[in-house]
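Quick caveat, the model's predicted, so the values are computed rather than measured. The sequence lines fix the lettering, A, B, ..., with proteins before strands; numbering per chain opens at 1. Quick note: numbers below take in every heavy atom, side chains included, and nothing from hydrogens, waters or symmetry partners.
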There are 2 protein chains.
Amino acid sequence: MNRSPGRSDDAAPGVGTVEEVLALVREHGGRVTSSRRLLLRALFDTPGHRTAEELAEEVQAQAPDVHLSTIYRNLDELERLGVVVHAHLGHGPATYHLAAGAHGHFVCEECGAMIEAPDELFQGLSQTARDRFDFEINPHHFAVLGRCRDCR
Amino acid sequence: MNRSPGRSDDAAPGVGTVEEVLALVREHGGRVTSSRRLLLRALFDTPGHRTAEELAEEVQAQAPDVHLSTIYRNLDELERLGVVVHAHLGHGPATYHLAAGAHGHFVCEECGAMIEAPDELFQGLSQTARDRFDFEINPHHFAVLGRCRDCR
DNA sequence: GTGCTTGCAAACGTTTTGCAGACTC
DNA sequence: GAGTCTGCAAAACGTTTGCAAGCAC
C-alpha cells in the first residue's frame, strides 16, 4: 500500500492558479514544461472529474504529441505535491481533480449517476471511526456505492 | 455500470453450507462440478477476504488443473446468486467473501491495515444520504480509506 | 444428447516502465 | 552541462472472452 509516500502538506496554500502550481513544481526541483502547463490548464479550466484519458484528449487538442504516459506521470507528480487527487467512482478508470475541491462521492451502481457529497455528511462516521478504532477516515478516495432516486 | 444485473434476493436464506449453495446453483439451471464445490469449500472453510488468485491457489491445492478463469467465472455466478460479494480494499485486486458476512471496511492508506466496520457505523450516513439525496447507500463495496492508529 | 462448464490462449482496459533523445535551468 | 522530462514501445496487472473439448444431468 502506502500510496502517498513523501506527499507534502495537504491542499498546499498558494496553489490557486496554474502559475502558482508551476512555481511549486520548480521549488521541488521539477521543470516547467509545456505539457505540464497544458495539463494544469485543463484541470483548472473545467473543475469536473476527468480520467487520465480525457485529460490527455484536452491537452492533445493544443499539443497533439503529448503522450498518455506523460499525463500519468504528471498527474502522479501533482498528486505527490498535493495539488491533485484521484478518486475511484466505479469499476472503470480513476478520475482526477484538484485537491482544493475534494469531496466524497455517491455513485449509483445501477446507472452510474454520481452525487458529490459534502464533507459534513461524513462527520458522524468520521467521529465514530476515531472513537472506536482510532481511525481517521478520508472519505474522498473511494465512492460510496448505492442506488439513486431513479433506480430505487 | 449496472454491475449487479439479474441478481436474486440478497443474502438468500438456506445457503449456510456448501451443499445448500450447490442446491441453489442447481435450482438456477447450473451444474454441480468439482471446481465449484472446491471453491465453495475454500470460501466456507476460512471466512476471510481473499482475492481470486488466492482462492485459485487454495482450490489448486486439491485440484491443480482448475484455471484462474474458472475461479472468476464461478465467483461471478455466485455473486449473481447473492452468495458471494466482492469488495475493493485498495488499489490491488478485488477481494471476495460470503455475502452473509457482508460489512464495511476501513483500510489504512499508509500500511494497508484493514478494519471490518459493522453496518451500524454507517447508519447515520445512510440516513442522511436518504434524506438529502434519496440515495440508498451500500457501504460494503468500496473500503473507506484513512489512517490507522499506528500510522497517524 | 443437450447444453452448461472447463482449460487454454488470447484479448481486454488501465496503468507503469525502460530507454534514448530532447528539453529546462 | 547536469539532470529532468518526453515520446514511444513494451510490459504489467487484474480481469474477461472465444473456442473446442469435456462433463453433469
Just the rounded figure in Å: distance from [atom2] of [N] to [atom1] of [X].
{"X": "A:H88", "N": "C:dT14", "atom1": "NE2", "atom2": "P", "result": "13 Å"}
{"X": "B:L38", "N": "C:dT6", "atom1": "CG", "atom2": "C1'", "result": "14 Å"}
{"X": "A:H28", "N": "C:dC25", "atom1": "NE2", "atom2": "C1'", "result": "17 Å"}
{"X": "A:D65", "N": "C:dG21", "atom1": "CG", "atom2": "C1'", "result": "14 Å"}
{"X": "A:H91", "N": "C:dT14", "atom1": "NE2", "atom2": "P", "result": "13 Å"}
{"X": "B:L68", "N": "C:dG7", "atom1": "CG", "atom2": "C1'", "result": "12 Å"}
{"X": "A:Y72", "N": "D:dA12", "atom1": "OH", "atom2": "C1'", "result": "13 Å"}
{"X": "A:E27", "N": "D:dT4", "atom1": "CD", "atom2": "C1'", "result": "17 Å"}

[options]: which one has an atom nearest the side-chain heavy atoms of [X]?
{"X": "B:E77", "options": "C:dT5, C:dT15, D:dT15", "result": "C:dT5"}
{"X": "A:R36", "options": "C:dA9, D:dT6, C:dT5", "result": "D:dT6"}
{"X": "A:V32", "options": "D:dT16, D:dA9, C:dC25", "result": "C:dC25"}
{"X": "B:R26", "options": "D:dC25, C:dC8, C:dT24", "result": "D:dC25"}
{"X": "A:S69", "options": "C:dT24, D:dG7, D:dG14", "result": "D:dG7"}
{"X": "A:T70", "options": "C:dT6, D:dC25, D:dT6", "result": "D:dT6"}
{"X": "A:R73", "options": "C:dC25, C:dG7, D:dT6", "result": "D:dT6"}

A:T33 vs C:dT24: side-chain N/O to OP1/OP2 distance below 4.0 Å =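 It does not, given that no N or O in the side chain of A:T33 lies less than 4.0 Å from OP1 or OP2 of C:dT24.
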Indicate, with a heavy-atom threshold strictly under 4.0 Å, whether A:A94 touches base, sugar-phosphate, or nothing.
->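 If one applies the 4.0 Å heavy-atom cut-off, A:A94 turns out to touch the sugar-phosphate alone, with no base involved.
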Where do A:R26 and A:E19 land on the salt bridge (charged side-chain N to carboxylate O under 4.0 Å, His left out) test, with the steps shown first?
-> CA-CA 10 Å; A:R26 217 164 351 212; A:E19 294 308 319; 5.3 Å; no
Should the pair B:H88 and A:H91 be assigned to parallel (<30°), tilted (30 to 60°) or perpendicular (>60°) ring geometry?
->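 Geometry flag for A:H91 against B:H88: perpendicular rings.
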Does a distance-only test, which skips hydrogens and angles, find a donor-acceptor pair under 3.5 Å between the side chain of A:R31 and the base of C:dT24?
->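 Indeed, a donor on one side and an acceptor on the other fall under 3.5 Å apart.
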Going by atom types alone, do B:H140 and B:H105 pair a side-chain donor with an acceptor below 3.5 Å?
->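 No, B:H105 and B:H140 have no side-chain donor paired with an acceptor closer than 3.5 Å.
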Is any side-chain N of the basic residue among B:R41 and B:E58 closer than 4.0 Å to the acidic one's carboxylate O?
->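 Looking at B:E58 together with B:R41, the answer is no, because their closest N to O distance does not fall below 4.0 Å.
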Flag the pair A:L55 / A:T51 as yes when at least one side-chain heavy-atom distance between them is below 4.5 Å, and no otherwise.
->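 No, side chains not in contact.
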Hey, which of these two, A:I71 or B:H67, hits DNA chain D nearer its 5' end, going by closest nucleotide?
->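 Nearest nucleotide further toward 5': that of A:I71.
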